[in-house]
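Not measured: the values here are computed from a predicted model. Atoms within each ligand, like the ligands themselves, are counted from 1 in listed order.
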Amino acid sequence: MTRRTTRRDMLKQSAALAGLGLLGMPEWAFPAVPQEATLVPFTDLPDPLVLERTPESRIIDLRAIDGMFTPRDQWFTTQHLGHPDVDLATYRLQVSGLVDRPLSLSLDDLRAMPSRDLVFGFECSGNRGPTNGLSSNGRWRGVPLRAILDRAGVKPEAREFVFFGADHGDAEVEFRGRTYTVDQQYGRSLQRDQALSDEPLLAYSLNDEPLSTHQGRPLRLLIPGWYGAPNVKWLSEIHVQEDQYLGNYQARWYRTLKAETIDGETKYVETAITKMRLKSFVARVSRLPDGRHDVFGVVLHDGSPIRSVEVKVDDGPWEPATLDPETMREKYGWKFFNYTWTNATPGEHTVTSRVTDANGSVQPTAEELEGKLTFLEQNSQVPRTLVIG
Ligand SMILES: Nc1nc2c(c(=O)[nH]1)N[C@H]1C(S)=C(S)[C@@H](COP(=O)(O)O)O[C@H]1N2
Ligand SMILES: [Mo]
């Protein structure tokens, strides 16, 4: 089942979005697409663009973003082992291993605990341009992980906190050139200081509705500022142990191999997929009635304050873009930016964005990322191509 998004659909959508613009926010008009604005098609996307939309996975169409929060039924979604059957009536979250009081919590038990909201947008670590549609933003609600662990009482020797989903299935384990296909449960782990920090959330709702099956009903782990993979869906067990957890989706499937130059010497390093690497991308370009063009885009990051977003047309200078103050209020949400392109000439152009954070990290170019051999964490600048008529 795939959904075709034709250019005509997109134009209809932009007209539908326009009504919202009439609410009028003088400095930041989002969506900055007035009624008469027309989308300029990207030539780096096939037309029509066919985005994967199966019952189990969904890639979002960035050109259709029409608000800060991605609606629950449009959130991007993916997983490795399909959707497990979870019976909500008999569901229990088990907390086991190195704890003083092992727990078995029903949904009612969880809902009776103090809850907290979290605005958090994330992307799959495999997300990349030009579609970049494995990303979304939402308002989640749930119980802080810390509260559950405090209730269980973590023993002093506990080092590793393993989070298992209810999903399992055949997966490949490679060892010295041989591959073993064995049944595996989806699992991810956190170290002690990460697990006991105040940040991780066990979420049961998204945008004020219970999680859908896609989002991990009834309960998922969320680690603000991190990539998608650690946000374990259909959470069924938290196992506390001393040894390092080496499951497939922790130790092998999700890692990055890259060359680093240390004291003039090239070293190859392997790192785990944790915090999101600073990324921005142009999501759409629309022609305004007065002939100017609006460049609208998105920033994804680990929650460090954003210093600036800049936009460049062809090989011109980097020009400052405007960050949307509403999205800037949320530490872990995605951020929107706008740039008004005033003197677009007919013909082919590229439009590129780059983001810089307060730590001085600058979104790299594709060339700067060449030393990264594996494809995850692809956060390079994406030059979008289009033709002005
Ligand atoms: N139990 C479980 N949780 C999982 C996965 C999975 O396969 N099983 N996939 C992870 C990956 S790789 C991503 S990108 C996110 C996707 O979350 P979403 O479907 O809510 O967008 O879920 C993560 N959590
Ligand atoms: Mo992912």
Which atoms of ligand 1 have any heavy atom of Asp167 under 4.0 Å away? 1 (N), 2 (C), 6 (C), 7 (O), 8 (N)

Is the terminal nitrogen or CZ of Arg111 (NZ for Lys, CZ for Arg) located under 6.0 angstrom from the six-membered ring centre of Tyr204 and within 45° of that ring's axis? yes

Option set Trp234, Tyr186, Tyr227, criterion heavy-atom distance to atom 10 (C) of ligand 1, minimum: Tyr186

Between Phe120 and His301, is the ring centre distance below 6.0 Å? no

Arg178 atom CZ: more than 12 heavy-atom contacts under 6.0 Å: no

Can you report which non-hydrogen protein atom sits closest to atom 21 (O) of ligand 1, along with the distance? Phe76 O, 2.7 Å

Could you identify the single nearest non-hydrogen protein atom to atom 3 (N) of ligand 1 and state the distance to 0.1 Å? Lys233 N, 2.9 Å

What distance separates Ser212 OG from Asp73 CG, expressed to the nearest 0.5 Å? 8.5 Å

Identify the protein heavy atom lying closest to atom 11 (C) of ligand 1, giving its residue, its atom name and the separation to 0.1 Å. Ala229 CA, 3.7 Å

Using a strict cut-off of less than 4.0 Å between a Lys/Arg side-chain nitrogen and an Asp/Glu carboxylate oxygen, indicate whether Glu123 and Lys279 qualify as a salt bridge. yes

Which of the numbered atoms in ligand 1 are under 4.0 angstrom from any heavy atom belonging to Cys124? 14 (S)

Identity and distance of the protein heavy atom lying nearest atom 17 (O) of ligand 1: Arg220 NH2, 3.1 Å

Establish, yes or no, whether a centroid distance under 6.0 Å links the rings of His168 and Tyr186. no

Can you tell me which residue and heavy atom of the protein come closest to atom 16 (C) of ligand 1, and the distance to 0.1 Å? Thr78 O, 3.6 Å

Plane angle bin for Tyr254 and His80 - parallel if under 30°, tilted between 30 and 60°, otherwise perpendicular: perpendicular

Closest protein heavy atom (residue, atom, distance) for atom 24 (N) of ligand 1: Asn231 O, 3.1 Å

Output the list of atoms in ligand 1 that are nearer than 4.0 Å to some heavy atom of Tyr254, sorted by atom number. 12 (S)

Could you check Glu377 against Ile273 for side-chain contact (heavy atoms from CB on, under 4.5 Å), going step by step and ending with a plain yes or no? CA-CA 8 Å; Glu377 303 189 88; Ile273 302 298; 3.5 Å; yes

Can you pull out the closest protein heavy atom to atom 15 (C) of ligand 1? Residue, atom name and distance to 0.1 Å, please. Gly228 O, 3.6 Å

So for ligand 1, is Gln79 a polar contact partner (N or O within less than 3.5 Å, distance only)? no

Aromatic ring proximity Phe336/Trp334, centre distance under 6.0 Å: yes

With heavy atoms of His214 as the reference, note each atom of ligand 1 found under 4.0 Å away. 19 (O)

Closest to atom 7 (O) of ligand 1 among protein heavy atoms sits His80 N, 2.9 Å

